[in-house]
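In what follows, every heavy atom counts, from backbone to side chain, and hydrogens, waters and symmetry copies are set aside. Throughout, a chain's letter reflects where its sequence line sits, starting with A, and its residues are numbered from 1.
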Amino acid sequence: MNLRLSAVIALGLATAVAQPACVDVPEEGKPVAMKTWVDDWRDEVIYQVLVDRYANGDVNNDFMVRPGALARYQGGDWKGMRDKLDYIKNLGVTTLWISPVVKNVETDADVDAYHGYWAQDLTQVNPHFGDLAELRALVRKAHELGLKVVLDIVTNHMGQAFFYDMNLNGKADIYIGGTGGTSPVTRVSEFDPDWDPRGVQAQTSLGLAGRAPLVFIDDPSINRVPPAPGILGTARAYHGFGRILNYDDRAQTELGDFPGGLKDVATENPEVRATMIDAYTRWVELTDLDGFRIDTVKHVEHEFWQVFAAGVRARLAAQGKTKFLMFGEAFDGNDQLLGSYTKNGELDSVFYFSQHYQVFRDVFQRAKDPQAQRGTRQIEQLWNDRQKNWGDAPMPGGVGVAPRKMPVSFIDNHDVARFLFEAGGDKAALRNALTLLMLEEGLPCIYYGTEQDFSGGNDPANREVLWHTGFDETKETYQHIAKLARIRRASLAIRRGDTKVIWSSDHTQGEEDAGIFAFERAGGDAPQGYALVVLNTNGRKASRTAEAGRAMKTSRPNTTFVDVLDPRRATYATGPDGALSLDLPEQSAKVLVPQDEAP
Amino acid sequence: MLRNDRSDPEPRGSAGSDGCMVIGRVVMSRLLPAALRSPSLTSGLVFGMLSLLSAVARADDTSAPVLPSGPGAAGQSAPAPTSQVAPTSAAPSAPANGATLPAAPTATAPSVDGTHPSGPNPGAGQTKASEATSAAGQFEFGSYGRVRIASDLRGGTGRLANVVAYGTRIDEDSYAELEVRRHDTWTTGDQGIRTRVVATLALFPGFFHFTGRPDQAIGVRNLYAQANAGRFNLWVGSRMYRGDDIYLLNWWPLDNQNTVGGGVGVRLPPGTAEGGAAAGGDTLIAFHVGMQRLDNIFQTQTVQATAPSGFGVVDVFKVDRPRLIESLKITHFLRNSDGRTLFPEGSKMGLKVSLYGEAHQLSAGVQRDPLTEKDRALPSDSGFLIGAQVSLWKGERDTFLNLWVRHARGIAVYDPLSVPQTFANDYTTSGAHETLVAMSGNYEVGPLGLMWAGYLRSVRDASEAELSRDKYDEGTLVLRPNFFLGNHWGVSVEGSYQLRRYALINQEGDGAAQGGLTRFGVMPYFSPAGRGSFKRPQFRLVYALTARDGGARALYAREDVFSQRKVEHFLGMNVEWWFNSSSYP
């Protein structure tokens, strides 16, 4: 046998065997061409997902997972989400808001960064959730199903990357002590010292010693290493004033560290601003995302948002991506403050925290407590306030909708206790609240697990593992949301129409109209269509859309309506004056559309 | 490189007791299939082996034919595989050999008194009821080793740079084995049984003179006893049990078992062709069963429990699930013989074909999760491996060609000295598979020689994700021309390329991550044992230049200089030896 011939044959055979099965990344994980997937963001319904809690599609990234310990990683990942997008699609929501994707400090004080808000490297993915190709595959699959994807980002702070060397000994210390005399016992952590307007001070037994050096930690075992990219790994990128003590103090709010030792970034630094724009816009370019949900916006100065939003919009628009949504989270019930971030070219919208408190907490969660419940007049008042407090014109290069017409509404989220926890398990209240959420003006946002009646208390109890439910689509609340989504989808008026409140009341006791709230959706950006939403928020009695013989007046006289929320599709008619007197059982709603428009 | 048979003559013995052979075959044929299905039948396998032991003990073959030699044999110097194992690599297992019968001692020197731990004192002249048994024995020492020291020409030490599982060995690290054997021949009348006890200690770097640390990493590789009688052999113990390697890659691509277990082998004599002519072939059949229970909570875990009485705690086994491995290898040799000319007349050429298979089982268990302190189930797992080898040798100057193909599935994809790192979502390795083709060879003529080796290998883990660092393809090609300068000097020149491609996205985000490197080396050497690519010892100067592409650099952490440097230098000296080793004869 000819040896050389044998070698050639062997190599040829080997090549033939190996080539057809050559390993590769899946097609959906390859580079994407960006495009605009949204016509009008008001047509969307957001579904907020903590990736770690949604679905575990790959056990091989279950690093440091502690099942059942909700302050720790649970194992969810992007593949799990991709595998379970049908569950989201069937729910009727249209946009995913996914928790942050960037690499985090792994753990701190025995709590893990499963939520993603402890960024360490803004250029790398968090390997607990997959890699870039898997993230791309998720976004691509979502787009194929008609879903959009919004990414949660943080510019205010990074993870706990350094300590303040207050005693100049070069190591991180935690002191507990006092003088032994009249001073109280104090606890000072060099990881998270209190606010000091001079900047956190170094101090020796002889007195103050100037600004405490910021010492970056290098502990690769938990990825507590200097942040990246670029300037974020230097002291120049941080304020160094210590932890916020007074949230009403603007300086502390904007310059102080976020509780837990999350170091406040010097967002006024032009280099930092450029870094943030570049780092986060890059994720859009890499994956074709459709928007940002931006964390802790009230802790960053307005000028940053003007520069950041404009920078992101311009860079994306130049690549064909327009109507890129940016909405912020200002964890505050002050509607004026919320609205302030929707002006001057800043954000397209903000989380409607004022509504969370004044409507879903005061009116819906307290439905069974006549002393605590607030009348529906408060809803009308808040909505009216929004017209004054929020931006009345679309952001330049933004999504094309005035912010006041598109608040991002929610009943609960990952930072507050779930609705059912606060409402004592009152599912009727939850479903009634969902009716308002889905049919009011703006962009509704549903926190994952709401459809499964999750009822966890405050963080992390409100961050339950969804896959334990078996993704049950038969749950009553799931079906209720799906139905509301169908109604919303079928009605241009509900999605884009203006709002006119036609009945509200201060009554919460035994009055005839106690708890009644009614509003029309029509006109504005919806040239056709009409919908009338009527709710009884009272949790103890049936109520009527009338008081002392005065019935609710609609803007549609002589019209026969169908209650599209009613499985029996009951009909109601208005007279020549448009009056409509409806009896609504406790915690119920009617969604009336003209019979000739009913789907 | 093909394993080389010892130069010692094979034992002489009779054909053995047919009756015992039948018993052994029946037992094995009934037990094997069931055992392959269930680890619980280990005891059955052991029982079958004991039956064969009975057959061995009663064998009286004193005229067995000389063992067929593999390539590189035929009285030449041994091609020397190395035996570094990779306990932490995810490399698929290399199954066991057993094709070649272990060699027996040739000397008939009187035994040393009282040193055999379990047998009779060889010099005591013990007697049976009917016949006296005489004994003769000796001790032997053998070794394989290599020691190197090198600089990276930047003030650091020379360093391994391979990106594939089995890359070129020109820059490989030090390793040595020290082996002591005891050989005895037990003769009763005209019946002879040979035994040997083999103890091999492996020394892993770094060595004291380099690290300054007196604690030396030592592994017990071989510690087994073997009996040969006629066509049969039987062994029990801890053993490196493997077939032919690829010298240039330091790799056994088909079978490489490192278990504690036992095995039996039989050599079938040449058949009888038409007219009574010899068929010119021998067939070796070897079966082995062994276990490994690595010190890893995947297979072994102890937890503390409240003492059953009194105070305190006791340790209890929480996880105890050894991997059980059975292997079977059938090798058929073809050479010219009386009445049959398969190769050019007068040629020493030979051909062998091996078929090989393994079955692996891992039982279910319950593990205490060290993070949560909660119990969680570990499912049972299994796998198999099949493969084949074709070898052709010239019979002169170590000239040969080896070809392999192998396919593994399930847990058999993973080297038994490592545990899987990725799983299907049910925490099994179901769906994992590996396929490889490999070749190696050597050709020498006049003052020139050429060694070559290469392989292509596809590995897919059981992960249900399409993206995984344990889904990859890799391959390498190595060419090493040798220029023999007189009998004792020479220069080796080596060129190689290697590439691994992952089902992961690269740093640029535009395709699969892959890393490759090209290496060129020059190795002048001194060979006291004479001319030849496989003559040892060999004293070398080594220079190797490695050019690593961006993908290869990206495989290293940012803090690692290998993530930044495109070119690596390796300049050092190196010595490699082997002599009288059961693993590297």
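No more than 12 heavy-atom neighbours from other residues, nucleotides or ligands sit within 6.0 angstrom of CD on B:Gln507. Remark: A:Arg282 CZ is packed, more than 12 non-hydrogen atoms of other residues, nucleotides or ligands lying under 6.0 Å away.
Residues B:Glu373 and A:Arg66 are not paired through a salt bridge, judged by the lack of any N-O separation under 4.0 Å between the basic side chain and the carboxylate. B:Arg501 and A:Asp24 are joined by a salt bridge, as a carboxylate oxygen and a charged side-chain nitrogen come within less than 4.0 angstrom of each other.
Neither the backbone nor the side chain of B:Ala557 has a heavy atom closer than 4.5 Å to any heavy atom of chain A. Of the atoms belonging to A:Pro67, heavy atoms from both backbone and side chain fall under 4.5 Å from chain B. The part of A:Glu28 that comes within reach of chain B is its side chain, from C-beta onward, which places non-hydrogen atoms under 4.5 angstrom from that chain. Neither the backbone nor the side chain of B:Tyr455 comes within contact range of chain A, judged by heavy atoms closer than 4.5 Å. Residue B:Arg500: no heavy atom, backbone or side chain, is found under 4.5 Å from chain A.
The distance from the CG atom of A:Asp131 to the CZ atom of B:Arg469 is 10.5 Å, given to the nearest 0.5 Å.
At a heavy-atom cut-off of under 4.5 Å, chain B is reached by A:Asn56, A:Gly57, A:Asp58, A:Val59, A:Asn60, A:Asp62, A:Met64, A:Val65 from residues 53-65 of chain A, listed in order of number.
B:Leu467 and A:Ala133 make their closest contact through CD1-CB, 3.4 Å (heavy atoms, listed as atom of the first residue, atom of the second, distance). Residues A:Pro26 and B:Glu466 approach most closely at CB-OE2, 3.4 Å, considering heavy atoms. Closest heavy-atom contact between A:Pro31 and B:Gly509: CG-O, 3.4 Å.
Side-chain contact between B:Ile505 and A:Glu134 is absent, with no heavy-atom pair separated by less than 4.5 Å. Proximity of B:Leu504 to A:Val25: side-chain heavy atoms (C-beta onward) are nowhere separated by under 4.5 Å.
Although no hydrogens or angles enter the test, the distance criterion places no donor-acceptor pair under 3.5 Å between the side chain of A:Arg72 and the main chain of B:Leu371.
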